[in-house]
Amino acid sequence: MTRAGLDIGSLAAAVAMAVVLAAGCVSDRVHDGPIAPASGECRIPVNSPLLGATGALVAIRGFAFQPGVVRVKPGTTVTWINCEPDGIDAHTSTSDAAAWGSPFLAPGATYSHTFGAAGSFDYHCIPHPFMRGIVIVE
Ligand SMILES: [Cu+2]
C-alpha cells in the first residue's frame, strides 16, 4: 500500500513537471518563425506543427544528429532543427544518395523532408562529414 502511494506521488510529480515545461514553452514563444535556441536548448512551442502525430524530429546539437537513427512510416515528414548555440557553424542534412539536401542551417533553423517509399536512407552533414544519421522508413 505504501508502495502504491509512492508510485502515485511520483506520477503526480511527473505530470506537474510536464505542465510546468509546457507552460515554459508557451511563454518562451516569441513568434512563429524559426525556433531560436537559447543557451543551446531547443525551445519548441507546444502547438508547433512540427510536432504532428506523424512527424519525426531530429535535433542537431553537439555536432551530432539526435537521435542518430529514426524509424518512421512511409509518408512521414522528418524535420531537422539546428539546436546549436549561436555562433556555432551551420549544419546540413544531406542524403548520401542525393534524395534530399537541406541548405546550410544556422542555429534555430529547420528543414523538413517527406519520405515516401520504404527504405534505409543514410545522410550526413556537408561541412562535418563525421556527422551521420539514418532514416529508416518501414
Ligand atoms: Cu554539421
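Positions are given from 1 along the sequence. Remember, it's 1-based here, ligands and their atoms both numbered in the order they're listed.
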Are more than 12 heavy atoms from other residues, nucleotides or ligands located less than 6.0 Å from atom CZ of Arg132? yes

Atoms of the protein (N/O/S only) found under 2.8 Å from the Cu ion (ligand 1): His91 ND1, Cys125 SG, His128 ND1, Met131 SD

Kindly state whether the ring of Trp100 and the ring of Phe115 have centres lying under 6.0 angstrom apart. yes

Determine yes or no for a side-chain-to-main-chain donor-acceptor pair under 3.5 angstrom, with His91 supplying the side chain and Leu105 the backbone. no

For the student: nearest non-hydrogen atoms of Ile134 and Ser120, plus distance: CG2-OG, 3.5 Å

We want to know whether Ser102 and Trp80 form a side-chain donor-acceptor pair, criterion being a heavy-atom distance below 3.5 angstrom. no

Residues in salt bridge (charged side-chain N to carboxylate O under 4.0 Å, His left out) contact with Asp89, at least two apart in sequence or another chain: none

